[in-house]
Amino acid sequence: QVHLAESGGGLVQAGGSLRLSCAASGRTFSTFDIGWFRQAPGKEREFVAAISWSSGFTYYADPMKGRFTISGDNAKNTVYLQMNSLKSEDTAVYYCAAASSGSYLYMEREYDYWGQGTQVTVSS
């Protein structure tokens, strides 16, 4: 069992930055692949980014490439999502999720555990 807790959300102006954290308790992150998803009001939840501990690869949705960076700290059992050049359309609740074994990390069904989410609001 893994418990995930997101933090770092808040209100930021367009063009600003935020760093989200996803802290895990229970099993260590190194046994999971970790993804970030987001859900804007009235929209479906969508993939943001993922990191695979086994391969070291990182994956990003196209709108996030060059602006968002996912990284992890095994010692702290924490994964981060650095978000730069934020836009109003980035406003959403951001969720982290853990997949014990996943081939398609951009798909929600690959993930076994989810956090409660953290709100990010970008003002224009």
Side-chain angles (χ1 to χ4, degrees):
Q1 191 73 7
V2 174
H3 175 70
L4 304 175
E6 303 94 336
S7 62
L11 175 64
V12 63
Q13 288 188 334
S17 298
L18 280 175
R19 188 178 78 161
L20 305 183
S21 299
C22 175
S25 59
R27 291 166 59 185
T28 61
F29 261 158
S30 61
T31 63
F32 292 92
D33 295 327
I34 304 299
W36 284 96
F37 289 76
R38 70 184 186 185
Q39 187 167 21
K43 295 186 177 181
E44 293 186 353
R45 191 155 54 185
E46 63 175 351
F47 172 72
V48 173
I51 184 167
S52 172
W53 291 120
S54 60
S55 67
F57 287 160
T58 56
Y59 308 87
Y60 298 91
D62 285 344
M64 291 71 173
K65 290 179 180 177
R67 298 191 300 126
F68 291 10
T69 303
I70 188 171
S71 62
D73 186 331
N74 267 328
K76 296 183 178 180
N77 229 23
T78 300
V79 169
Y80 304 99
L81 183 68
Q82 178 67 43
M83 306 186 296
N84 299 328
S85 302
L86 284 164
K87 307 174 183 180
S88 57
E89 51 262 46
D90 294 318
T91 295
V93 177
Y94 284 72
Y95 300 89
C96 68
S100 55
S101 60
S103 299
Y104 304 99
L105 294 180
Y106 57 91
M107 300 183 72
E108 291 185 47
R109 69 182 188 192
E110 297 290 294
Y111 294 86
D112 306 294
Y113 304 99
W114 291 82
Q116 293 300 306
T118 185
Q119 176 70 48
V120 171
T121 302
V122 184
S123 63
S124 57

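Bear in mind that the values here come from a model prediction, so they are computed numbers and not experimental data. Just the heavy atoms: all of them, side chains too, but no hydrogens, waters or symmetry mates, feed the values below.
- Using a cutoff of 4.0 Å between basic side-chain nitrogens and carboxylate oxygens, Asp90 and Lys87 are not scored as salt-bridged.
- For the residue pair Asp33/Ser52, the side-chain donor-acceptor check at 3.5 Å is satisfied.
- Summarising the local packing, CD of Glu89 is surrounded by more than 12 heavy atoms from other residues, nucleotides or ligands at distances under 6.0 Å.
- Using a 4.5 Å heavy-atom threshold, the side chains of Leu105 and Tyr111 count as touching.
- Separating the CG atom in Leu81 from the SG atom in Cys96 is a distance of 10.0 Å, to the nearest 0.5 Å.
- Residue pairs meeting the salt bridge (charged side-chain N to carboxylate O under 4.0 Å, His left out) criterion with at least one member in residues 2-16: none, sequence neighbours excluded.
- Cluster annotation: Ile34 and Tyr104 are assigned to distinct hydrophobic clusters (Ile/Leu/Val/Met/Phe/Trp/Tyr, side-chain heavy-atom contacts under 4.5 Å, transitive).
- Residues Trp36 and Val79 have side chains in contact (heavy-atom distance under 4.5 Å, counting atoms from C-beta outward).
- With 3.5 Å as the limit, one finds no donor-acceptor pair spanning the side chains of Tyr80 and Arg19.
- In this structure a side-chain-to-backbone donor-acceptor pair under 3.5 Å is present from Thr78 to Lys76.
- With a 4.5 Å cut-off on side-chain heavy atoms, Ser123 and Leu11 count as touching.
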Exercise for the section: Apply side chain to side chain contact (heavy atoms under 4.5 Å, CB included) to the pair Met83 and Tyr94, showing each step before the final yes or no. Expected result: CA-CA 11 Å; Met83 306 186 296; Tyr94 284 72; 3.8 Å; yes
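- Between Gln1 and Tyr113 the shortest side-chain heavy-atom distance falls below 4.5 Å.
- Using a 4.5 Å cut-off on side-chain heavy atoms (C-beta onward), Leu86 and Phe68 make contact.
- Side-chain contact between Leu18 and Val120 is present, with heavy atoms from C-beta onward closer than 4.5 Å.
- For Phe37 and Trp114, the ring centers sit closer than 6.0 Å to each other.
- For the atom pair Ser17 OG and Gln82 CD, the distance stands at 5.5 Å (nearest 0.5 Å).
- Distance CD/Gln116 to CG/Leu4: 9.5 Å, rounded to 0.5 Å.
- Looking at Tyr59 and Ile70, their side chains never come closer than 4.5 Å, going by heavy atoms from C-beta outward.
- Applying the salt bridge (charged side-chain N to carboxylate O under 4.0 Å, His left out) test to every pair with at least one member in residues 104-124, sequence neighbours left out, gives these pairs: Arg45-Glu108.
- With rounding to the nearest 0.5 Å, the separation of OG in Ser7 from CG in Leu20 is 8.0 Å.
- The shortest distance between side-chain heavy atoms of Arg38 and Val93 does not fall below 4.5 Å.
- Placement of Met107 and Met64 in two distinct hydrophobic clusters is found when ILVMFWY residues are connected by side-chain heavy-atom separations under 4.5 Å, directly or transitively.
- Between atom OG of residue Ser21 and atom CG of residue Asp73 there is a gap of 10.0 Å, rounded to the nearest 0.5 Å.
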